[in-house]
Amino acid sequence: MISLNQIVRKQLTYLALTFLMLLLGLASRIYGYLLFDVLELNAGDAFWAAMVYFGVRFILVTRPPLFSLLFSLLFSFGIELSQLYQVEWINNIRGTTLGTLILGRGFLIVDLYRYSFGILMAFVIDVLLFKKKRKQVL
């Protein structure tokens with residue numbers, strides 16, 4: 001059984017990782033011109049998806065990492081697929097900076113690969129970070 005103190009420590013770790021992914025994602029957008037082309041094109045979406053994964057881990061800290069991986073994939077894919085829905089009210093939201101960062105603008109199948117990569121990398125970091133304390137990963 002995991003203690004309340006351990007849960008709080010894990011939550012703080014996941015919260016810090018969530019904000020780190022947010023900062024790295026924003027930095028990749030702002031300073032992308034300083035990166036290799038492949039990173040400039042893909043890093044922002046991968047960091048966004050990693051942020052989603054760590055945010056899910058923060059909220060559902062007692063659930064297994066595999067649950068968070070699957071939930072994050074469903075959430076991220078759902079956001080991307082929602083971009084196929086193009087009506088004025090949601091496009092007005094997408095037209096704002098925050099709306100674009102959260103909802104995106106237009107559907108791109110390559111984003112699904114970027115999200116998958118980001119979530120998978122976050123999952124691996126999560127498992128490696130807590131592997132000594134976890135008997136069963138999945």
Side-chain angles (χ1 to χ4, degrees):
M1 185 80 183
I2 190 167
S3 73
L4 182 60
N5 192 29
Q6 289 171 316
I7 289 173
V8 170
R9 267 192 263 154
K10 285 178 92 171
Q11 280 187 308
L12 290 174
T13 301
Y14 291 128
L15 185 62
L17 288 167
T18 301
F19 281 112
L20 177 62
M21 295 303 114
L22 173 70
L23 292 174
L24 290 172
L26 290 173
S28 74
R29 299 287 191 203
I30 295 168
Y31 303 107
Y33 64 92
L34 297 172
L35 301 171
F36 295 111
D37 289 344
V38 68
L39 290 175
E40 181 180 6
L41 293 173
N42 300 300
D45 290 323
F47 283 129
W48 180 88
M51 179 195 69
V52 168
Y53 175 85
F54 288 125
V56 169
R57 292 297 289 144
F58 169 74
I59 295 167
L60 304 174
V61 69
T62 59
R63 298 297 299 245
L66 184 60
F67 178 85
S68 296
L69 178 129
L70 296 174
F71 187 90
S72 300
L73 283 171
L74 285 172
F75 178 83
S76 299
F77 280 35
I79 292 290
E80 190 64 26
L81 291 171
S82 77
Q83 294 171 24
L84 294 170
Y85 182 67
Q86 297 288 323
V87 293
E88 185 177 350
W89 72 269
I90 199 162
N91 286 338
N92 288 338
I93 295 170
R94 288 182 183 126
T96 66
T97 301
L98 186 59
T100 298
L101 288 172
I102 296 170
L103 300 174
R105 288 191 180 227
F107 177 80
L108 293 172
I109 194 122
V110 70
D111 284 348
L112 301 178
Y113 296 110
R114 294 170 179 154
Y115 299 156
S116 298
F117 179 79
I119 290 168
L120 185 59
M121 290 299 98
F123 174 79
V124 168
I125 290 167
D126 183 17
V127 169
L128 292 175
L129 189 62
F130 292 106
K131 78 176 182 177
K132 293 178 186 173
K133 299 173 185 158
R134 185 182 294 132
K135 292 179 182 176
Q136 184 179 354
V137 173
L138 310 174

Would the distance check show the side chain of [X] and the main-chain N or O of [Y] forming a donor-acceptor pair, the cut-off being under 3.5 Å?
X	Y	answer
Thr100	Gly95	no
Glu80	Leu108	yes
Asp126	Ala122	no
Arg57	Arg63	yes
Thr18	Gly55	yes

**Asked** Met21 and Leu24: side chain to side chain contact (heavy atoms under 4.5 Å, CB included), yes or no, with the steps?
**Response** CA-CA 5 Å; Met21 295 303 114; Leu24 290 172; 4.1 Å; yes
**Message:** For the CZ atom on Phe77, are there more than 12 heavy atoms of other groups (residues, nucleotides or ligands in this structure) within a distance under 6.0 Å?
**Reply:**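 Above 12, so yes.
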**Output field: ring centroids Phe130/Tyr14 closer than 6.0 Å** =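 For Phe130 and Tyr14, the ring centres are under 6.0 Å apart.
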**Prompt:** With sequence neighbours excluded, what pairs up with Arg105 under the salt bridge (charged side-chain N to carboxylate O under 4.0 Å, His left out) test?
**Reply:** none
**Intermediate values then yes/no, side chain to side chain contact (heavy atoms under 4.5 Å, CB included), Tyr115 and Leu73** = CA-CA 7 Å; Tyr115 299 156; Leu73 283 171; 5.5 Å; no
**Message:** Tell me whether the rings of Phe67 and Phe71 are parallel (<30°), tilted (30 to 60°) or perpendicular (>60°).
**Reply:**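 Aromatic pair Phe67/Phe71 classed parallel.
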**Prompt:** Heavy atoms, side chains only, cut-off 4.5 Å: are Phe54 and Ile125 in contact?
**Reply:** yes
